[in-house]
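Residue numbering restarts at 1 for every chain, and letters A, B, ... go by the order of the sequence lines. Just so it is clear, the values below take in all heavy atoms, side chains as well, and ignore hydrogens, waters and symmetry mates.
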Protein chains: 2
Amino acid sequence: MDDSRWNHTLYQTQAINSEGLEGHAYVPDGIKVKTSSPLNDHAGTNPEQLLGMSLSTCLDATLEAIEHERKLPHISAVRVKVAFIGARANYEFLVHAQIKIDGVDSQTAKAMTKEAEERCCVSKLLKNSGNYTVETVTHFDD
Amino acid sequence: MDDSRWNHTLYQTQAINSEGLEGHAYVPDGIKVKTSSPLNDHAGTNPEQLLGMSLSTCLDATLEAIEHERKLPHISAVRVKVAFIGARANYEFLVHAQIKIDGVDSQTAKAMTKEAEERCCVSKLLKNSGNYTVETVTHFDD
C-alpha cells in the first residue's frame, strides 16, 4: 500500500473470507456468497466462478464502451472458461475468454476483441500470467 | 485453447455476461448475480467485488491447506482491497490482499503469507501484473 496510486482512486471496495473454501465470501455492507470446493458437490460458488464472473463482466462492460464509441448498439456477449489444473501445492487456473459480437463483420469483431482485451481492467491483471487467452467466436459451443 | 493443459483438468466451469455492466453475470446451472457500475448507487455487485471475493477465498483456502500441513486449526482471515483508477480507455485495478493469522508469531505469519501468495491460483494469475500486493497484518484497519 506504499503505492501512491491508492491515494487517487475512482472507487474502492473490499472483500473478506475468514472461513476458508467451505464458507462464505462477502463485501461489508454488500454481497455475500456461499463458497465450496469445486471438487465436491456441496452448494456454493468458488474462486473459479467468481473470477469468471468478474472477467466476463469487465470484458462485456469494456465492449459496451467500445460499442458506444463506434455508435453500435450493445451486441456483445462474453463467456469465460476457467479450469483448475495441477497437483498438491502446485495448482494453477487456466482462463479462456470467448467474445461474441453479433452484427459486425469478422474483421471488426476481431478488432473490437483485441481492443477489449487491452482495455479491460481484469484482462490487464491477467495478461502477463501465461495462463490467459482470448478469442473471437461466432457462437458459444460446448 | 490450443493449450493442451485444457485436456487434463481437475475441474472446469464457465461464466457468462451478455448484458454489460448494468446487467447480470451467471454460471450456467449455478450462481447468478446482478451487476452494476461501481460509480453509481444501483444495486448490484461489480468486477472489483467479484475479483476480491475470488482472491480472498482462494488465499484463505490455500492458508487452510498450509495450516493443515502445519497441524494448526483454521486461524487465518483474508481481506482484499480493490481500487479502480485511471481515466477513459486507460483504467486499471489495484489489488491489495491483507492476511491475518491469529495465534502464531510474526515470523510464522509472514512465512505462511509468503507461501499462500506463491501457491494460491488466483495470486499466481495476478503476480506479474505490477498491480498486486500482499501483506501480513495483525488486524484489519480501515
- prompt: Do A/Gln14 and B/Phe140 touch side chain to side chain, with heavy atoms closer than 4.5 Å?
  reply: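 A side-chain contact under 4.5 Å is absent here.
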
Is it the backbone or the side chain of [X] that comes under 4.5 Å from a heavy atom of chain B, or both, or neither?
{"X": "A/Tyr132", "value": "neither"}
{"X": "A/Glu69", "value": "side chain"}
{"X": "A/Thr35", "value": "side chain"}
{"X": "A/Leu126", "value": "both"}
{"X": "A/Ala65", "value": "neither"}
{"X": "A/Thr45", "value": "side chain"}

task: Check whether more than 12 heavy atoms from other residues, nucleotides or ligands sit under 6.0 Å from atom NZ of A/Lys110, and answer yes or no.
output: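 It does not: A/Lys110 NZ has 12 such atoms or fewer within range.
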
message: Using only atom types and a distance under 3.5 Å, with no angle test, would you say the side chain of B/Asn17 pairs donor to acceptor with the backbone of A/Asp60?
response: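 No; zero donor-acceptor contacts below 3.5 Å.
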
- request: Check for a donor-acceptor pair, side chain of A/Lys124 on one end and backbone N or O of B/Tyr91 on the other, with a separation under 3.5 Å.
  value: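 Yes: the side chain of A/Lys124 pairs with the backbone of B/Tyr91.
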
Do you know which two heavy atoms are closest between [X] and [Y], and how far apart they sit?
{"X": "B/Ala83", "Y": "A/Gln12", "result": "CB-CG, 3.9 Å"}
{"X": "A/His74", "Y": "B/Ser18", "result": "NE2-O, 2.8 Å"}
{"X": "B/Ile85", "Y": "A/His8", "result": "CG2-O, 3.9 Å"}
{"X": "A/Glu48", "Y": "B/Tyr11", "result": "OE2-CD2, 3.8 Å"}
{"X": "B/Gly86", "Y": "A/Leu10", "result": "O-CD1, 3.5 Å"}

Tell me, side chain or backbone of [X] under 4.5 Å from chain A's heavy atoms, or both, or neither?
{"X": "B/Asn46", "answer": "side chain"}
{"X": "B/Leu39", "answer": "side chain"}
{"X": "B/Glu64", "answer": "side chain"}

- request: Begin from the C-alpha positions of A/Thr133 and B/Asp3 and carry the test side-chain contact (heavy atoms from CB on, under 4.5 Å) through to its verdict.
  value: CA-CA 9 Å; A/Thr133 47; B/Asp3 186 337; over 6 Å; no

message: If we define contacts as heavy-atom pairs under 4.5 Å, which of B/Ala43, B/Gly130, B/Gly52, B/Ala61 has the most with chain A?
response: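 Heavy-atom pair counts peak at B/Ala61.
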
